[in-house]
Amino acid sequence: MTTKTPDLNAESTNKNLEAVELIKDASNFLRGTITEELLNEVTGSITADDTQLTKFHGIYQQDDRDLRKERSKQKLEPLYSFMIRARVPGGICTPEQWLAIDDMADTYANGSIRITTRQAFQFHGVIKKKLKSTVAAINQHLMDTIAACGDVNRNVMCTANPELSNIHHQVYLKAQAISDHLTPQTSAYHEIWLDGKKVVTEPTNDHEPIYGKTYLPRKFKTAVVIPPDNDVDVLAHDLGFVAIIEDQQLSGFNVTVGGGMGSTHGDPKTFPLLAHTLGFCTPDQVLEVAENIVKIQRDFGDRTNRKHARFKYTVDDHGIDWVREQLAERMGVPLKPAHEVKFTRNGDRYGWRKNQDGSWNFTLFIANGRIIDNDDKDPLTVKSALRDIATIHKGDFRLTANQNLIIAQVAADQKPAIDKLLHAHNLIGSVSKTRQLSMACVAFPTCTLAMAEAERYLPDLLTQIEYLQQKHGISERGIMIRMTGCPNGCARPFIAEIGFVGKALGRYNMYLGGALNGNRLNQLYDENINEARILKHLDTLFADYAESAKKDEAFGDFVIRQGHVSAVKHGIEVNIKSAI
Ligand code: SRM
Ligand code: SF4
């Protein structure tokens, strides 16, 4: 693999800038040498600079980590392939799009579809020579991959629950408008992947009115939520819009800023944070607010240290009042005071539920978002089931922020047919409450940053945890457990009631004390522990919970009241180990 040194003669003169800043600056609006690299047949990889740039196009270079050592022994280059992320603003797609996604997984990728924690699709295992045709196929079906990754605003999330159909539609349109408004304008995407032919609208000139040529200092994430549900974990976002409903009408949004999950083991200057509430804006002000918040981060985010470059640090360093002043100055008017809002729950509601308009939804639990027909070990045929359902379904599909899927807007007369398919594929069954609330990130074998297993391990660990819950007579109490293979926090583990964060193969940090509505960070309970120690801790904690919890007291609240961990007031305390 060839590696280019960043061009130090690029326009910027700040010698302390991160290398990625120089790569962006010199990239000619995200072109780099991607086109040339796609034609290079000598290697299955692309250059290090281009791997930074392809992220903006929704593409990550990876290699099979299960095979890395063996291939190195055989003096072969790593088995490179690419992950492609397709944006689905608000998580809604049609049955036709579903069928296309299903086909693409088989034709271009490793046969599986992965629903992410941000309501998007991922394809894994796409080889270099299929990259262009895969991106083109995604675009043909009116989805895209631009800004699915990279230092820009990502896929905008929106509450998935379709029950409040009228309000949901208005709020969803706002999420989509924010997504469109903040999408990069460079024509590089269409030029590289679609041969300059734009599929939906006219091509634009290369000019980035919101971002400028070096885009943002770091990734930026936005979510729109309809309380009392907090299914998108809005407070974990750089920017959030919390819908305010008065007299059944959408009157506006509370604006939240400065949330984020990522941290680095052993680096106390990095920590997860929950967002602060900035104020209230009317529906008409949403795009102006979003644009100006992004511009504040563009101008003040730290471009000299990527570990300190997220908006959460900009907000934390300057303070929330400073953000208010900045925004008021840029908008020419301050935001109004925020409304009182109460979130009652995060996570999803499973099974059949009726909408206001008489149609139905079925929320299907998908273990860690992986849609695949399994082998003999676990004979579930989720992928085939969903293909069969998509063939007859006339409503839409909604990806949830918890890696699940809603078969939405099912007409009453279609419900029996869909229900029959769900039964035929064994998808209406007993999944424990704790499993329903669980999430794990991808981790091995594809994630380049994984330190421990997550998606491949959590299901087995949960079986043992379910056994412990049964032993202590607390099976009916769903406990939210989230696992990630490293502290980047892709399954938002730092707000779970129990969070497991990978430290090394088979070893995890264990966190306790998140809330079941996503409004409290948890705290480190024990460090670098293996499965035996995890289960020993849980055995003791569950015994205490069974004996001393108040009626309906959630596990996360209990462990704080009981002094197992403390209630974290600032993210800096998350990694301070509680005294056990
Ligand atoms: Fe993530 C990087 C997977 C949601 C924080 N994340 C990655 C990469 C791309 C690894 C890499 O950079 O090479 C992972 C690809 C693994 C693979 O093989 O697919 C990856 N992140 C995921 C997904 C697929 C996890 C999942 O199991 O669903 C989620 C894709 C979301 C999407 O559709 O866009 C995903 N990542 C998140 C979230 C959750 C969220 O946004 O609500 C977070 C925490 C929130 C936040 O951003 O603060 C998250 N991912 C990160 C970070 C840490 C960022 C930081 O501030 O430090 C990284 C590493 C980085 O950016 O340097 C990362
Ligand atoms: Fe990879 Fe870490 Fe994200 Fe898991 S949390 S997908 S291991 S970057």
Side-chain angles (χ1 to χ4, degrees), residues 18 20 51-52 54-55 58-65 81-89 91 109-110 112 114-125 145 147-151 153-157 217-223 231-238 240 258-265 267 270-275 306-313 346 366 368-370 399-404 439-456 458 482-495 499-503 518 571:
E18 280 274 3
V20 179
T51 59
Q52 294 302 330
T54 54
K55 292 182 188 176
I59 295 164
Y60 280 84
Q61 179 172 297
Q62 304 184 317
D63 70 283
D64 188 329
R65 295 191 59 187
S81 67
F82 294 81
M83 177 269 275
I84 303 187
R85 194 178 282 163
R87 281 198 311 174
V88 191
N110 65 2
S112 82
R114 180 58 155 68
I115 297 180
T116 73
T117 53
R118 296 194 57 74
Q119 298 179 303
F121 289 117
Q122 277 188 188
F123 299 105
H124 288 102
T145 67
C149 327
D151 297 342
N153 182 63
R154 307 280 188 93
N155 198 37
V156 176
M157 296 228 272
R218 205 64 165 86
K219 56 173 71 165
F220 190 91
K221 298 179 175 180
T222 306
D231 59 336
V232 297
D233 287 328
V234 69
L235 301 181
H237 284 74
D238 297 273
M261 291 283 104
S263 62
T264 304
H265 286 312
D267 181 350
T270 65
F271 37 81
L273 282 172
L274 287 185
R306 283 182 76 76
K307 285 192 176 171
H308 184 254
R310 289 294 293 271
F311 188 45
K312 66 180 177 183
Y313 297 117
N346 55 1
I366 312 258
N368 306 317
R370 183 70 66 181
L399 315 188
T400 81
N402 305 295
Q403 304 172 323
N404 296 311
M439 284 208 286
C441 73
V442 179
F444 283 93
T446 53
C447 179
T448 44
L449 306 176
M451 298 169 175
E453 295 281 356
E455 181 187 324
R456 297 197 294 194
L458 184 62
R482 294 177 174 178
M483 174 178 275
T484 57
C486 84
N488 283 320
C490 297
R492 300 185 289 273
F494 301 111
I495 46 180
F500 294 110
V501 173
K503 193 96 207 258

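Quick note: numbers below take in every heavy atom, side chains included, and nothing from hydrogens, waters or symmetry partners. Each ligand, and each atom within it, is numbered from 1 in the order the structure gives.
- Checked against side-chain contact (heavy atoms from CB on, under 4.5 Å), Met83 has the following partners two or more places apart in sequence or in another chain: Tyr60, Gln62, Arg85, Gln122, His124.
- The aromatic rings of Tyr313 and His308 lie parallel to each other, with less than 30° between the two planes, well short of the 60° mark.
- Taking 4.5 Å as the limit, some side-chain heavy atom of Thr117 sits within range of a side-chain heavy atom of Arg492.
- In this structure the side chain of Thr400 never reaches within 4.5 angstrom of the side chain of Val232, judged on heavy atoms.
- Taking all atoms of both residues into account, the shortest heavy-atom contact from Cys486 to Leu449 is CB-O, 3.6 Å.
- Remark: the backbone N or O of Ile366 is paired with a side-chain donor or acceptor of Asn404 at under 3.5 angstrom.
- Listed by chain and number, the protein N, O or S atoms at a distance under 2.8 Å from atom 2 (Fe) of ligand 2 are Cys486 SG.
- Checked against side-chain contact (heavy atoms from CB on, under 4.5 Å), Lys221 has the following partners two or more places apart in sequence or in another chain: Arg118, Arg154, Lys219, His237, Asp238, Arg310.
- If you run side chain to side chain donor-acceptor pair (under 3.5 Å) between Asp151 and each of Arg218, Arg306, Lys55, only Arg306 comes through.
- If you look at ligand 1, the protein residues with a non-hydrogen atom under 4.0 Å away are Tyr60, Gln62, Met83, Arg85, Arg114, Thr116, Thr117, Arg118, Ala120, Gln122, His124, Arg218, Lys219, Lys221, Gly260, Met261, Gly262, Arg310, Gln403, Ala440, Cys441, Val442, Thr446, Cys447, Thr448, Leu449, Asn488, Gly489, Cys490, Arg492.
- The minimum heavy-atom distance between Val442 and Thr446, with the atom names listed, is CG1-OG1, 3.2 Å.
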